Amino acid sequence: MTVRLMGAVLILTASSMGGIITAGMWKKRVLQLEAFHELIVHIARQIDGYLTPLEKIYAEYDSTVLSRCGFLEALREYGGVMALEECRRSLCVSDSDISELAEFFSGLGRHSAKEEARHCAYFERQIGDIARKAKDELAAKTRLCRGFGILLGIMLAVILI
């Protein structure tokens, strides 16, 4: 009987941790989207105010969130679109988020400063809206993930006992 009880506790713990880890990924998505939004704002300011070349903007920019997933290093080495592809697995953003960001990075450095400013302003709004929506949904999604993980663990534990 104790072996079954230990198994039930292990199943409950593992399932609960799965829910907690999934909830953490949703939170990480929000943080990464907010970090990308900050990067776009920074790029816009540098281009609009100082006409700074992209390579210099990338070299001088720092973000803990984007550094952890390896994006900034890849950005400096390969450029925006290739960096997104390179870091796709370490980023917690969706494919549609990556497509939106890829569209932003692919349009950089191809226009006059005035057109670049409009390009940045458009994507600043787009990514900002996506980040705000994700943040608004975060509490409900994390509760759901944690609750589902715990409920699944309880159900499996009861079946085992």
Side-chain angles (χ1 to χ4, degrees), residues 1-45 57-108 119-161:
M1 182 73 177
T2 59
V3 173
R4 281 187 169 185
L5 185 59
M6 286 175 49
V9 169
L10 285 173
I11 288 172
L12 177 61
T13 303
S15 182
S16 298
M17 288 305 296
I20 290 169
I21 289 169
T22 304
M25 290 175 64
W26 284 108
K27 183 176 182 181
K28 195 173 181 181
R29 175 179 182 246
V30 170
L31 292 174
Q32 288 177 349
L33 285 170
E34 289 174 340
F36 277 115
H37 181 256
E38 291 169 12
L39 174 61
I40 292 170
V41 169
H42 177 75
I43 290 170
R45 282 189 195 132
I57 295 171
Y58 295 162
E60 294 176 353
Y61 188 74
D62 189 33
S63 167
T64 305
V65 173
L66 296 179
S67 291
R68 279 189 201 137
C69 63
F71 178 78
L72 285 183
E73 184 179 319
L75 176 66
R76 292 174 183 130
E77 188 172 341
Y78 306 117
V81 177
M82 290 298 294
L84 288 168
E85 287 302 317
E86 183 78 19
C87 299
R88 183 179 285 270
R89 290 186 179 174
S90 61
L91 291 170
C92 290
V93 294
S94 68
D95 288 341
S96 63
D97 300 338
I98 288 178
S99 295
E100 195 77 25
L101 289 164
E103 189 176 339
F104 166 72
F105 283 113
S106 67
L108 279 178
H119 176 80
C120 289
Y122 172 78
F123 282 98
E124 181 181 332
R125 285 189 306 275
Q126 291 293 102
I127 300 301
D129 289 344
I130 292 169
R132 277 187 291 283
K133 183 179 177 188
K135 191 173 187 174
D136 291 344
E137 297 171 346
L138 182 62
K141 286 184 177 182
T142 55
R143 263 193 320 271
L144 178 68
C145 291
R146 290 177 186 149
F148 184 73
I150 291 169
L151 181 63
L152 180 64
I154 291 170
M155 289 174 22
L156 291 172
V158 167
I159 290 171
L160 183 65
I161 295 178

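Everything numeric here is computed off the predicted structure, so don't read it as measured data.
Taking a cutoff of 4.0 Å between a charged side-chain nitrogen and a carboxylate oxygen, R132 and D129 qualify as a salt bridge.
Within 6.0 Å of OH in Y61 there are more than 12 heavy atoms belonging to other residues, nucleotides or ligands. Annotation for K141: atom NZ counts as buried by contact number, over 12 foreign heavy atoms lying within 6.0 Å. In the displayed structure, R45 atom CZ is contacted under 6.0 Å by at most 12 heavy atoms of other residues, nucleotides or ligands. Atom CD of E60 is surrounded by more than 12 heavy atoms from other residues, nucleotides or ligands within 6.0 Å.
The nearest pair of heavy atoms linking A102 to V81 is O-CG2, 3.6 Å. Between T142 and A23, the closest heavy-atom pair is CG2-O, 3.6 Å. The two residues S90 and C69 have their closest heavy-atom pair at OG-O, 2.8 Å. Shortest non-hydrogen contact noted between A134 and R29 is CB-NH1, 3.4 Å. Minimum heavy-atom separation, C120 to I43: SG-CG2, 4.1 Å. The shortest non-hydrogen separation linking L72 to S63 is CD1-N, 3.4 Å.
In this structure, CZ in R146 is found 10.5 Å from CE in M17, a value given to the nearest 0.5 Å. Atom CG of L160 sits about 4.5 Å away from atom CD1 of I11, to the nearest 0.5 Å. Of the inter-residue distances, the one linking E100 atom CD with S94 atom OG reads 10.0 Å to the nearest 0.5 angstrom. Atom CD of Q32 sits about 10.0 Å away from atom CG of D97, to the nearest 0.5 Å. Taken to the nearest 0.5 Å, the NE2 atom of H37 stands 14.0 Å off from the NE2 atom of H42. Taking CG from L91 and CD from E86, the interatomic distance works out to 11.0 Å, rounded to the nearest 0.5 Å.
Inter-residue side-chain proximity for E103 and Q126 is flagged as unmet; no heavy-atom pair is nearer than 4.5 Å. Between D95 and R88, the closest side-chain pair of non-hydrogen atoms falls below 4.5 Å. Between I40 and F104, some side-chain heavy-atom pair lies under the 4.5 Å cut-off. Side-chain contact between E137 and W26 is absent, with no heavy-atom pair separated by less than 4.5 Å.
A tilted orientation is assigned to the rings of F71 and F105, their planes being inclined by 30° to 60°.
Put simply, the side chain of D136 never gets that close to the backbone of K133: no donor and acceptor are under 3.5 Å apart. At distances below 3.5 Å, not a single donor-acceptor pair connects side-chain atoms of S15 with backbone N or O atoms of L12.
A side chain to side chain contact (heavy atoms under 4.5 Å, CB included) with L39 holds for exactly one of L101, L75, I57; it is L75.
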